[in-house]
Chemist: 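First the structure, which I've put down as structure tokens, then a few questions once you've had a look.
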There are 2 protein chains.
Amino acid sequence: MTSTERETATEMRPTRQRTAVARALDSFTDFRSAQDIHALLGQRGEKVGLATVYRTLQRMAEAGDVDALRTEDGEALWRRCSATHHHHLVCRSCGAAVEVEGPAVERWTRAIAEEHGFADVSHTLEIFGSCRDCTSASAAGS
Amino acid sequence: MTSTERETATEMRPTRQRTAVARALDSFTDFRSAQDIHALLGQRGEKVGLATVYRTLQRMAEAGDVDALRTEDGEALWRRCSATHHHHLVCRSCGAAVEVEGPAVERWTRAIAEEHGFADVSHTLEIFGSCRDCTSASAAGS
DNA sequence: TTCACTGCAAAACGTTTGCAGAACT
DNA sequence: AGTTCTGCAAACGTTTTGCAGTGAA
């Protein structure tokens, strides 16, 4: 912890574009790519540049208003999230996500890290699976 | 489980390039990018094309001989790994990694998923921190 | 008036692919 | 011979950036 701890929090102006991205995020609960969100805005007639979507998502993530995760092939997916620390149970097929909490896991990761002399610990944990709807859909398909 | 379960396991020919990549992987225990590994081979005088490095790492990952993880900015990192299911405690600064097991976490993820009706469950879990060496180095630095 | 924000197009990034030739079995 | 593998360079898709212009305070 240094003395320059507090970031000079750049003010965040409420522009039309940012409002549009924020509204888009409120309209779904699954994880979506920046490009998906950009397309969604396009469909709604809200013209926002792709670069702006990226920039806005990044700012919101820094502010803790959205969660980001990486797919297996490195693409970033975004979703509005609650303020408290949590993880996600994500459907591999449709992206549907459920926020989950696991106090025991939090404790375990901290303990393991300390045990090995690691400081300043954080962790990522995502659970993937096939949600009820997708499971029955694929069963019906074949 | 279908009747076509067994993948027609394409034979994996032991070429000079593959041996070189395998040896490179054996020479470190931290997570490295494909480009790093390619550079390492270059320094050693082992000329292997970058595309071949990528192709080889992918095959080895499919075969379960190496673990891959994604950095926060989407880059893939690779490392030789043991056959049993495990997770990693990774140093953010130097990439040093320790394999860790957490049976309780495994159980917990399965239970959470079932509880929400998710099938075919998998999960990713990485613990990040600053290893002892890097922590003392950065303390000495400032 | 000032400074953040935006759009666009260009660039950058890691990674993948097509293809002709080389190298295993 | 019949494959599989390799190198190269070109292509890819996502994300970032430079810059001139726009808009909020």
Side-chain angles (χ1 to χ4, degrees), chain A residues 7-25 30-63 65-79 95, chain B residues 7-25 30-63 65-79 90 95 126:
Chain A
E7 300 287 318
T8 33
T10 327
E11 63 177 303
M12 180 113 157
R13 291 185 180 166
T15 64
R16 174 181 68 77
Q17 290 84 341
R18 283 182 187 173
T19 309
V21 172
R23 276 222 205 87
L25 284 165
D30 49 336
F31 278 91
R32 308 249 179 128
S33 72
Q35 316 238 24
D36 282 349
I37 295 169
H38 177 247
L40 179 62
L41 287 168
Q43 285 169 220
R44 292 193 186 173
E46 304 255 37
K47 278 208 300 287
V48 180
L50 179 57
T52 300
V53 173
Y54 275 106
R55 286 189 276 232
T56 303
L57 287 171
Q58 266 161 203
R59 298 273 174 81
M60 294 183 77
E62 281 162 25
D65 292 330
V66 306
D67 275 358
L69 64 78
R70 292 269 168 191
T71 60
E72 206 152 301
D73 49 284
E75 193 184 19
L77 300 185
W78 313 80
R79 177 191 123 114
Chain B
E7 300 287 319
T8 32
T10 328
E11 64 178 302
M12 179 111 158
R13 290 182 179 169
T15 64
R16 176 183 66 75
Q17 291 84 339
R18 283 179 186 175
T19 310
V21 171
R23 278 223 205 84
L25 284 165
D30 49 337
F31 278 92
R32 307 252 180 125
S33 70
Q35 317 237 21
D36 282 350
I37 295 169
H38 177 247
L40 179 61
L41 288 168
Q43 286 168 219
R44 293 191 185 173
E46 304 254 40
K47 277 208 302 285
V48 180
L50 180 55
T52 300
V53 174
Y54 276 106
R55 287 189 274 234
T56 304
L57 288 171
Q58 265 160 204
R59 298 274 173 82
M60 294 183 77
E62 279 161 26
D65 293 329
V66 306
D67 274 359
L69 65 78
R70 293 267 168 191
T71 61
E72 207 152 302
D73 49 285
E75 195 183 17
L77 299 184
W78 313 79
R79 177 193 124 112
V90 185
E126 318 293 341

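Residue numbers begin at 1 in each chain, while the letters A, B, ... track the order of the sequences.
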Chemist: From CZ of A/Arg16 over to P of D/dT22, roughly how many Å is that when rounded to an integer?
Modeler: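 Checked: the CZ to P distance equals 14 Å.
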Chemist: Look at A/Gln35 and D/dT14 and indicate whether a side-chain polar atom (N or O) is within less than 4.0 Å of OP1 or OP2.
Modeler: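 Looking at the OP1 and OP2 atoms of D/dT14, one of them is under 4.0 Å from a side-chain N or O of A/Gln35.
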Chemist: Between atom CG in B/Leu69 and atom C1' in C/dG14, what is the gap in whole Å?
Modeler: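 Checked: the CG to C1' distance equals 15 Å.
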Chemist: Taking all heavy atoms of B/Asp67 and all of B/Phe31, pick out the closest pair and write down the distance.
Modeler: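 That closest heavy-atom pairing would be O-CE2, 3.8 Å.
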Chemist: Closer than 4.0 Å, any side-chain N/O of A/Arg59 to the OP1 or OP2 of C/dC5?
Modeler: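 A/Arg59 to C/dC5 OP1/OP2: side-chain N or O found under 4.0 Å.
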Chemist: Please determine whether a side-chain nitrogen or oxygen atom of B/Arg18 lies at a distance below 4.0 Å from atom OP1 or OP2 of D/dT6.
Modeler: yes
Chemist: Which whole-number value in Å describes the distance from B/Trp78 CH2 to C/dG14 P?
Modeler: 15 Å
Chemist: Evaluate the side chain to side chain contact (heavy atoms under 4.5 Å, CB included) criterion for residues B/Leu25 and B/Asp65: first the C-alpha distance (whole Å), next the side-chain angles of each, then the deciding distance (0.1 Å), finally the verdict.
Modeler: CA-CA 10 Å; B/Leu25 284 165; B/Asp65 293 329; over 6 Å; no
Chemist: Could you pull out the closest heavy-atom pair between A/Leu57 and A/Val66, with the gap in Å?
Modeler: O-CG2, 3.8 Å
Chemist: For the pair made of CG in B/Leu57 and P in C/dG14, what is the distance, rounded to whole Å?
Modeler: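 Going from CG in B/Leu57 over to P in C/dG14 covers 15 Å.
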Chemist: With a cut-off of less than 4.0 Å, is there a side-chain N or O of A/Ser33 near OP1 or OP2 of D/dT14?
Modeler: no
Chemist: Starting at the 5' end of DNA chain C, which residue's closest nucleotide do you reach first, B/Thr15 or B/Arg70?
Modeler: B/Arg70
Chemist: At their closest point, which heavy atom of A/Leu50 faces which heavy atom of A/Ala34, and how far apart are they?
Modeler: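 Shortest heavy-atom separation between A/Leu50 and A/Ala34 comes out as CD1-O, 4.4 Å.
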Chemist: Would you confirm whether A/His38, through its side chain, and A/Val48, through its main-chain N or O, come within 3.5 Å as a donor-acceptor pair?
Modeler: yes
Chemist: Return one dot-bracket line describing DNA chain C 5' to 3' (Watson-Crick or G-U wobble pairs, both distances under 3.5 Å; ( ) same strand, [ ] crossing, | another strand, . none).
Modeler: |||||||||||||||||||||||||
Chemist: Hey, which of these two, B/Arg55 or B/Arg13, hits DNA chain D nearer its 5' end, going by closest nucleotide?
Modeler: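 Result of the comparison: B/Arg13.
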Chemist: Are the side chains of B/Asp36 and B/Trp78 in touch, meaning some heavy atoms are under 4.5 Å apart?
Modeler: no
Chemist: Quick one: closest heavy-atom pair of A/Leu41 and A/Ala24, and the distance?
Modeler: CD2-CB, 4.0 Å
Chemist: Given atom CD of A/Glu75 and atom P of D/dC12, what is their separation to the nearest angstrom?
Modeler: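 Value for this atom pair: 17 Å.
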Chemist: Show the numbers, then the answer: is there a side chain to side chain contact (heavy atoms under 4.5 Å, CB included) between A/Met60 and A/Met12?
Modeler: CA-CA 10 Å; A/Met60 294 183 77; A/Met12 180 113 157; 4.2 Å; yes
Chemist: When the distance from CG of A/Asp73 to C1' of D/dT15 is rounded to whole Å, what number comes out?
Modeler: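 Rounded to the whole Å, the gap is 14 Å.
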Chemist: Does D/dT22 have OP1 or OP2 sitting under 4.0 Å from an N or O in the side chain of A/Gln17?
Modeler: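 Indeed not, no polar side-chain atom of A/Gln17 lies that close.
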Chemist: Main chain of B/Lys47, side chain of B/Arg16: is a donor-acceptor contact present, judged purely on distance under 3.5 Å?
Modeler: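 Yes, B/Arg16 side chain to B/Lys47 backbone: donor-acceptor pair under 3.5 Å.
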Chemist: Where along residues 38-54 of chain A does a heavy atom come under 4.0 Å from DNA chain C, residue by residue in number order?
Modeler: A/Lys47, A/Val48, A/Gly49, A/Ala51, A/Thr52
Chemist: Between atom CE in B/Met12 and atom P in C/dA23, what is the gap in whole Å?
Modeler: 19 Å
Chemist: Taking B/Arg70 for the side chain and A/Glu72 for the main chain, is one N or O donor matched with an acceptor at less than 3.5 Å?
Modeler: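 A pair under 3.5 Å: yes.
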Chemist: Can you check the A/Asp36 CG to D/dG13 P distance for me, whole Å?
Modeler: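 One finds 15 Å between P of D/dG13 and CG of A/Asp36, rounded.
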